[in-house]
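Shown next, in structure tokens, is the structure this report addresses.
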Amino acid sequence: MTRIPTIAVRSASPAGDARQGRPRRPGCAQVLTDKARIPRPSFPVLRRTRVAGLLSQATKHRVTLVCGPAGSGKTIACASWASNGQPRPAGRSGRVAWLTAEPGDQRDWFWAYLRASLSRLRAASAAEAFRDLEDVPAERFPLRLIEAAQQLTEPIVLVIDDVHELTDPAVLSGLDLLVRHAPPTLRLVLSGRRHPPLQLARLRVAGELADIGGADLACTAEEAGAYFAMLGIDVAAGERDELLRRTEGWMAGLRLAAMRASTVNGDGSRITGLAGDEPDVTDYLWDEVLGEQQPDTLAFLLRTSIAAEVSGDLAYALTGEPGSARTLEQLSRANSL
């Protein structure tokens, strides 16, 4: 059996331990604390009570899937809700654990980070239920976590952000076990750009899965108005609505437009002047969307980009690729368009 690496959530250095006469335990590594911490953005964020309400309602289910394209506001919405919006029984707090997934999270390290995130819970019943997870080997950790969660006297929520980054078969198999068999006291929020390869369809049919999608995350006119007002940018209703039409409520688009307006003249009079060829926009799209695509997919996107709307037949006419309709469907399902 493979033992999960031991990781410490505190901030310390090996030299600091040595100076204080505390040798580090073998196999002990410092955790990347931001992975197990609810994100706190360094820029102004509008707390959208509508989306927080959707999350509060959704997390009455055993599993919640938050799925939307890059820049749709998934992480900020979940973090804002986790910090401020979740219902709390009187006198209780700290019922949300957070884990940000990364491509390098292979089996042993993923469960170590998950255990570290659970250790940050302040709810008394969680500390009691999860105290014996320290020495559980990786292959047994998901089942042992399910058993431990059955001891909880109040529900806790585990948010796994960027779940689309997980590719290790062992991690996905263990996560699938949690999704299918975790008790109602352990509620999972899976946030990512595309649906993870987990057995979710049965949960959806059984009413145990709640979906929050790109349309739910899209910014409304009222939210856009409140956002620009918060930033001190005066935007006419017509320009606001035009921007929402062009961006389809894409939260990153609104932020990029606000950054541009503040830089150009500071009054928002050119809030609709954001163009796709501006450096901030192109850098973001390359880093977050295009840079992840394979060369043949990039060629497909380039050849079809001349059309405002693309169907399977038109894509085939533009690219000459027989599987163009299937490629479009795959890009759409992956929220890459």
Side-chain angles (χ1 to χ4, degrees), residues 4 31-32 34-39 51 54-55 58-59 61-83 86 96-118 120-121 138 141-142 145-146 149 156-182 186-204 208-217 251-252 287-289 291-293 330-336:
I4 298 176
V31 69
L32 296 173
D34 58 335
K35 287 173 62 67
R37 184 174 60 218
I38 298 173
V51 180
L54 290 176
L55 281 163
T59 51
H61 298 74
R62 224 168 36 81
V63 180
T64 298
L65 180 62
V66 182
C67 190
S72 59
K74 303 177 297 297
T75 296
I76 289 177
C78 290
S80 178
W81 172 83
S83 298
Q86 80 277 15
V96 178
W98 184 282
L99 176 61
T100 299
E102 294 181 319
D105 289 339
Q106 304 302 310
R107 182 182 65 176
D108 299 347
W109 283 105
F110 175 80
W111 299 117
Y113 278 121
L114 180 57
R115 183 179 61 202
S117 69
L118 293 172
R120 299 173 70 93
L121 290 167
F141 190 88
L145 176 56
I146 292 170
I156 63 105
V157 179
L158 171 61
V159 180
I160 302 179
D161 192 30
D162 287 344
V163 70
H164 62 276
E165 298 283 15
L166 298 176
T167 57
D168 186 305
V171 169
L172 292 171
S173 176
L175 190 56
D176 202 42
L177 189 67
L178 284 182
V179 163
R180 289 184 286 117
H181 298 295
L186 177 59
R187 299 176 186 177
L188 301 173
V189 175
L190 308 176
S191 175
R193 297 181 185 178
R194 49 190 172 270
H195 289 204
L198 305 173
Q199 298 182 38
L200 300 176
R202 180 182 296 181
L203 295 183
R204 186 177 287 111
E208 294 185 281
L209 175 73
D211 286 286
I212 295 178
D216 301 306
L217 296 167
M251 289 300 301
D287 289 348
E288 298 297 327
V289 182
E292 296 185 349
Q293 307 301 329
Q330 291 171 345
L331 288 169
S332 179
R333 289 178 62 86
N335 285 313
S336 297

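What you are looking at is a predicted structure, and each value in this text was computed from that prediction instead of being measured.
Leu65 is listed as a side-chain neighbour of Leu209, based on a closest heavy-atom distance under 4.5 Å. Contact of the Ile156 side chain with the Leu121 side chain is registered, since non-hydrogen atoms from C-beta on lie closer than 4.5 Å. With contacts defined as side-chain heavy-atom distances shorter than 4.5 Å, the pair Leu175/Leu177 does not qualify. Looking at Asp211 and Val66, their side chains never come closer than 4.5 Å, going by heavy atoms from C-beta outward. Put simply, the side chain of Val51 does not reach to within 4.5 Å of the side chain of Trp81, judged on heavy atoms. At least one side-chain heavy atom of Leu172 sits under 4.5 Å from a side-chain heavy atom of Pro197. Counting heavy atoms from C-beta outward, Val171 and Asp105 have side chains that stay 4.5 Å or more apart.
Of the possible donor and acceptor atoms, one in the side chain of Thr59 sits under 3.5 Å from a partner among the backbone N and O of Leu55. Counting only distance, with no hydrogens or angles, the side chain of His61 and the backbone of Glu208 share no donor-acceptor pair below 3.5 Å. No donor-acceptor distance shorter than 3.5 angstrom exists from the side chain of Arg193 to the backbone of Glu165, with no hydrogens or angles considered. The closest donor-acceptor contact from the side chain of Ser173 to the backbone of Pro169 lies at 3.5 Å or more, if one exists at all. The main-chain N or O of Ala77 is never found under 3.5 Å from a side-chain atom of Ser80 such that the two would form a donor-acceptor pair. Between the side chain of Arg187 and the backbone N or O of Val63, no donor-acceptor pair lies under 3.5 Å.
In terms of heavy atoms, Arg204 sits closest to His195 at NH2-CE1, 4.1 Å. Smallest separation of non-hydrogen atoms from Val189 and Cys78: CG1-SG, 4.3 Å. When all heavy atoms are compared, the tightest approach of Pro142 to Ala138 is CD-O, 3.6 Å. Counting all heavy atoms, side chain and backbone alike, Arg37 lies closest to Trp98 at O-CD1, 3.4 Å. Shortest non-hydrogen contact noted between Ala82 and Val96 is CB-CG1, 3.7 Å. Of all heavy-atom pairs between Leu114 and Leu145, the closest is CD2-CD2, 4.1 Å.
Legend: residues meeting salt bridge (Lys or Arg N to Asp or Glu O under 4.0 Å) with Asp168, ordered by chain and number and at least two apart, are absent. In this structure Arg202 satisfies the salt bridge (Lys or Arg N to Asp or Glu O under 4.0 Å) test with no other residue, sequence neighbours excluded.
Here Leu118 contributes atom CG and Trp111 contributes atom CH2; the two are 10.0 Å apart, rounded to the nearest 0.5 Å. Annotation: the span from Ile160 atom CD1 to Leu158 atom CG amounts to 4.5 Å, rounded to 0.5 Å. Taking NZ of Lys35 as the start and CZ of Phe110 as the end, the distance is 8.5 Å to the nearest 0.5 Å. Atoms CZ and CD1, from Arg120 and Ile38 in turn, are 8.5 Å apart once rounded to the nearest 0.5 Å. Rounded to the nearest 0.5 angstrom, Asp176 CG and His181 NE2 are separated by 8.0 Å. The distance from atom CG of Leu217 to atom CD1 of Ile212, rounded to the nearest 0.5 Å, is 7.0 Å.
A salt bridge between Asp161 and Lys74 is absent, with no side-chain N of the basic residue lying under 4.0 Å from a carboxylate O of the acidic one.
Between the side chains of Thr100 and Asp162, no donor N or O sits under 3.5 Å from an acceptor N or O.
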Practice prompt. Walk me through it: do Leu190 and Thr64 pass the test side-chain contact (heavy atoms from CB on, under 4.5 Å)?
Written response: CA-CA 6 Å; Leu190 308 176; Thr64 298; over 6 Å; no
